[in-house]
Amino acid sequence: MRPNFAVSACRGGFSFVIAQRWFILRVYASLKAMNITPFDEIIEQNDQTAARHEHLEKLRELVGNPYPNKFGRSRLSGDEDTITRLLGHPPIAEVDAEMAAILASLGEGERPPAEKKDELNERLKALGNVRIAGRMAVPPRVMGKAAFVHLSDGISRLQIYVRKQDAVAISNDTGEPIDEEGKAWEVFGYLDHGDFIGVEGYLFITNTGELSVHVEKLQFLAKAMLPMPDKMHGIADPEIRQRQRYADLIASSLQIEHDGLTTREVFERRAKIISSIRHFLEDHGYIEVETPMLTPKATGAAAKPFVTHHNALDIELYARIAPELYLKRLVVGGFEKVYELNRNFRNEGISYKHNPEFTMLEFYCAYMDVNGMMDFCEELMRQSVLKATGGLKVTYEGNEVDFGIFRRVGMRQSVIEELERILPESARFDSAWLTDITRVRQLVAFVLRYGDKGKPVSIDQAISIWEDADFTTSFDKGIEDGTLSHEQVFDSFLVHAFEILIEPNLIQPTFIIDFPKSISPLSKASPENPQIAERFELFINGMEVANGFSELNDPKEQYDRFADQMKARESGDEEAMVLDEDYIRALSYGMPPAAGIGIGIDRLTMLLTNKHSIRDVILFPHMRPERKGTSTDETIASEEK
RNA sequence: GGUCCGAUAGCUCAGUCGGUAGAGCAAAUGGCUUUUAACCAUUGGGUCCCAGGUUCGAGUCCUGGUCGGAUCACCA
């Protein structure tokens with residue numbers, strides 16, 4: 001993009017322009033040599049920015065420093081008068097209930113009766129002046145010698161009315177009114193959509209019944225050098241929405257109409273979810289801790305880590321994939337109820353439900369088991385949903401999700417029931433097949449094909465899939481080279497079949513319980529069945545939202561489980577867990593029986609804000625870096641010839 | 001990584017069969033002292049994502065690429 005000379009060119013004669021242009025090109029060349037992006041290349045230069053630049057210079061002449069340091073807002077509404085406060089708590093409410101009722105009805109689009117309006121306006125004027133500040137939320141509507149414009153505080157907007165003969169401008173150098181006829185009107189003429197101004201004036205109701213401020217003093221506060229997002233459409237390009245979240249947030253405060261929550265409301269709701277969770281946990285005796293984000297071992301979950309290097313120690317460090325093992329060390333140390341609500345990092349794919357860094361709540365409670373944890377989790381989710389949305393039912397992608405009821409279903413049981421339902425008559429399912437390697441192979445093939453074809457399939461289709469279902473699977477290699485026991489094959493099939501057949505259909509909150517032990521290396525086995533882990537995952541709308549279990553606290557058994565994981569790692573499973581010797585040492589001091597859970601805050605927020613993409617509930621999601629323009633080098637080279 | 005879709009004025013988008021690049025908003029200028037998607041008049045504004053190809057002629061067709069979105073695989 002070429003630098004824009006139009007603005008500077010209008011200030012001098014022809015030779016001055018040539019000299020200045022030459023000078024600017026030299027400055028550009030030296031900045032480029034140091035790999036510094038020139039200012040004019042950071043924002044695109046066009047007629048819109050040129051106009052705003054001219055306006056900025058005019059304002060500098062009129063009021064002095066165009067970036068003053070403060071603006072004191074009045075306190076008529078009881079606290080500092082933000083626009084939202086003034087609209088929500090009109091100062092007249094304390095003195096006159098009837099007038100307050102009329103004011104409140106204006107919000108519904110009603111007009112006050114003519115005689116009441118005059119009386120109300122007298123009352124409002126008698127309250128004295130308010131001082132408010134905000135961003136100009138619309139381009140000013142100018143009518144010769146008077147104008148209307150709305151100011152926004154990011155949440156609400158309040159209209160101001162500027163009349164040429166009534167307004168005076170404030171000097172930004174002295175802070176005092178400029179005693180000069182028509183100065184404020186001239187200043188107003190150089191204001192653009194998006195600029196920040198502060199005004200002082202009295203409240204009144206317009207003919208069309210809108211509470212407004214009749215401006216007596218006008219102070220310029222800051223310039224918007226870039227044009228504002230489209231007032232009707234906001235920002236349509238999802239890339240710009242995510243890269244320039246600030247612009248997206250401005251758009252959500254400026255847009256006239258919108259469906260669903262605005263971006264700002266999404267993040268306000270996210271904040272509510274998080275604060276309600278913190279309050280709930282603290283009310284129940286939990287203490288918040290912070291454990292290392294940079295760790296010498298990436299363990300505690302099955303995932304690939306980000307690697308970095310510490311220069312002074314000259315060691316590799318990993319961004320943590322889970323705080324789990326640190327939190328349990330704290331349980332060993334006597335923190336009976338402990339939680340951490342912070343970021344985890346996983347070096348894996350990006351999708352609508354995965355971001356490389358994501359926010360996870362993990363907490364642990366001594367003397368509790370998996371069943372107590374499910375009860376507590378239900379309670380925590382319910383109060384959080386209630387605080388964030390005001391009810392227990394939310395609509396997510398057309399489905400009504402009811403947080404009033406959480407089902408509990410065994411993983412094995414759910415898969416058996418589904419297989420009984422979908423397998424053809426000619427192959428009536430028998431649960432003994434789940435421990436027959438030949439049958440499991442056929443079932444794997446069937447489920448894979450079934451999953452590919454999507455649901456539902458007819459009986460005929462099921463029969464033909466079943467009859468064809470005899471080919472090698474990814475398990476065969478594991479069996480042949482001895483890295484997979486038959487038991488592991490059965491478990492893997494169960495999990496796989498669950499993911500394909502059951503998981504996508506779990507719309508209502510459902511705890512899936514009874515996980516195979518072999519895929520739960522940190523979890524205690526069930527006292528009734530040593531092959532089953534005391535573990536659950538919570539699914540809502542086909543998405544895993546939480547994962548909890550009775551924590552394994554036998555150091556020798558934990559060591560053996562880690563050892564199994566390390567063997568799996570040896571044979572190529574990059575995500576198998578890494579042995580943490582210090583954790584084994586910690587457990588050896590003795591850890592009380594305990595239950596723990598991890599809850600994905602981003603996914604919970606998606607559910608409670610009806611957002612399909614995780615990137616819509618993360619303020620600054622990860623994206624590829626922007627490509628820099630490369631044209632200026634050639635421009636300079638050709639200009640200098 | 002696979003598949004599908006998209007990229008045109010500052011913004012939101014049209015652009016027919018391959019034949020002179022369009023609208024609304026925004027901007028600039030003028031008018032208008034209670035408007036509210038203010039209104040009226042006038043004006044300026046384009047590397048049609050990039051590179052090749054086909055053609056007398058490409059925003060449009062073909063090939064390759066960049067960026068983005070959706071989806072699948074992996075994962076929480």
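In what follows, every chain begins at residue 1, and chains take the letters A, B, ... in the order their sequences are listed. Everything numeric in this text was worked out from a predicted model, so none of it was measured.
- Look at the C1' atom in both rG46(B) and rG22(B): the space between them is 11 Å, to the nearest Å.
- In the model, Arg270(A) has a side-chain atom that pairs as donor or acceptor with a side-chain atom of Thr359(A) under 3.5 Å.
- Across all strands shown, rA21(B) forms no Watson-Crick or G-U wobble pair with both distances under 3.5 Å.
- Across the protein-nucleic acid pair, Lys145(A) atom NZ and rA38(B) atom P stand 22 Å apart, rounded to whole Å.
- Between the base of rU33(B) and the side chain of Gln165(A) there is a donor-acceptor pair shorter than 3.5 Å.
- Between the side chain of Gln45(A) and the main chain of Ile43(A), a donor-acceptor pair closer than 3.5 Å is present.
- One finds no salt bridge joining Glu348(A) and Lys304(A) here, because no Lys/Arg side-chain nitrogen approaches an Asp/Glu carboxylate oxygen to under 4.0 Å.
- Between the side chain of Asp47(A) and the base of rG44(B) there is at least one donor-acceptor pair of N/O atoms closer than 3.5 Å.
- Using a 4.0 Å cut-off, some side-chain N or O of Lys231(A) falls inside it from OP1 or OP2 of rA38(B).
- With a 3.5 Å ceiling on both atom-pair distances, rG59(B) lacks any Watson-Crick or G-U wobble partner.
- Atom CG in Asp192(A) sits roughly 17 Å away from atom P in rG10(B) (whole-Å rounding).
- On the P atoms, rC17(B) is 28 Å away from rG52(B), given to the nearest whole Å.
- Separating the P atom of rU63(B) from that of rU3(B) is a span of 13 Å, rounded to the nearest Å.
- The nucleotide rG46(B) finds no pairing partner, because no Watson-Crick or G-U wobble arrangement with both distances shorter than 3.5 Å includes it.
- Using a 4.0 Å heavy-atom distance criterion, Glu537(A) is classed as making no nucleic acid contact.
- If you check every strand for non-hydrogen atoms under 4.0 Å, Arg52(A) touches nothing.
- Among the nucleotides rG68(B), rU35(B), rC74(B), the one closest to the side chain of Glu239(A) is rG68(B).
- Neither OP1 nor OP2 of rA28(B) sits under 4.0 Å from any side-chain N or O of Gln48(A).
- Rounded to an integer number of Å, the gap from Met228(A) CE to rA27(B) C1' is 14 Å.
- rA76(B) has its base stacked against the ring of Phe358(A), the centroids being under 5.5 angstrom apart at an interplanar angle below 30°.
- Contacts of Tyr352(A) with the nucleic acid, taken as non-hydrogen atoms under 4.0 Å apart, involve only primed sugar atoms and P, OP1 or OP2.
- On the P atoms, rA58(B) is 41 Å away from rC39(B), given to the nearest whole Å.
- Proximity of Arg243(A) to the phosphate of rG68(B): a side-chain N or O atom is located under 4.0 Å from OP1 or OP2.
- Contacts of Asp237(A) with the nucleic acid, taken as non-hydrogen atoms under 4.0 Å apart, involve only primed sugar atoms and P, OP1 or OP2.
- Between Glu503(A) atom CD and rA76(B) atom C1' there is a gap of 10 Å when expressed in whole angstrom units.
- On the C1' atoms, rC62(B) is 33 Å away from rG45(B), given to the nearest whole Å.
- Side-chain contact check for His193(A) versus Leu254(A): some heavy-atom pair is nearer than 4.5 Å.
- In this structure, Arg615(A) atom CZ and rU71(B) atom C1' are separated by 14 Å, rounded to whole Å.
- A donor-acceptor pair is defined here as one N or O able to donate and one able to accept, closer than 3.5 Å; such a pair exists between the side chain of Asp195(A) and the backbone of Ala224(A).
- In terms of polar N and O atoms assigned as donor or acceptor, the side chain of Gln159(A) comes within less than 3.5 Å of the base of rU35(B) in a complementary pairing.
- Straight-line distance from the NE2 atom of His214(A) to the P atom of rU35(B): 14 Å, rounded to whole Å.
- Base engagement by His150(A) is indicated by at least one non-hydrogen atom pair under 4.0 Å involving a base atom.
- The separation between Asp166(A) atom CG and rU34(B) atom P is 12 Å, rounded to whole Å.
- Dashed line: the shortest gap from a side-chain N or O of His55(A) to OP1 or OP2 of rA28(B) is under 4.0 Å.
- Heavy atoms of Gln255(A) sit nowhere under 4.0 angstrom from any nucleic acid atom.
- Here, rC25(B) and rA41(B) have their P atoms 11 Å apart, quoted to the whole Å.
- Toward the 5' end of RNA chain B, the nearer of the two residues Arg346(A) and Ser613(A), judged by each one's closest nucleotide, is Ser613(A).
- Residue Ala302(A) is classed as a sugar-phosphate contact, given heavy-atom separations below 4.0 Å to backbone atoms only.
- Among the atoms of the strands shown, only primed sugar atoms or phosphate atoms (P, OP1, OP2) are found under 4.0 Å from some heavy atom of Ala236(A).
- The nucleotide rC32(B) finds no pairing partner, because no Watson-Crick or G-U wobble arrangement with both distances shorter than 3.5 Å includes it.
- Across all strands shown, rC67(B) pairs with rG6(B); the Watson-Crick or G-U wobble distances both stay below 3.5 Å.
- Using C1' as the reference atom, rA21(B) and rU47(B) are 14 Å apart when rounded to the nearest Å.
- Between Arg141(A) and rU35(B) there is no side-chain polar atom (N or O) within less than 4.0 angstrom of OP1 or OP2.
- Counting non-hydrogen atoms under 4.0 angstrom, Lys353(A) reaches a base of the nucleic acid.
- Geometrically, Arg535(A) engages Phe515(A) in a cation-pi contact defined by less than 6.0 Å to the ring centre and at most 45° from the axis.
- Here the separation of rU55(B) from rC13(B), taken at their C1' atoms, is 30 Å to the nearest Å.
- Counting any heavy atom pair closer than 4.0 Å across all strands shown, Asn121(A) reaches no nucleic acid atom.
- Nucleic acid contact for Val142(A): base, since at least one base atom lies under 4.0 Å from a heavy atom of the residue.
- Atom CE of Met360(A) and atom CZ of Arg343(A) lie 13.5 Å apart (nearest 0.5 Å).
- By the 4.5 Å heavy-atom criterion applied to side chains, Lys328(A) and Leu522(A) are counted as neighbours.
- Protein atom CE of Met360(A) is 6 Å distant from nucleotide atom C1' of rA76(B), rounded to whole Å.
- Pairing for rU54(B) is absent, judged as Watson-Crick or G-U wobble with the two contacts each under 3.5 Å.
- Ion pairing between a basic and an acidic side chain is recognised when a charged N comes within 4.0 Å of a carboxylate O; Glu534(A) and Lys517(A) show no such pairing.
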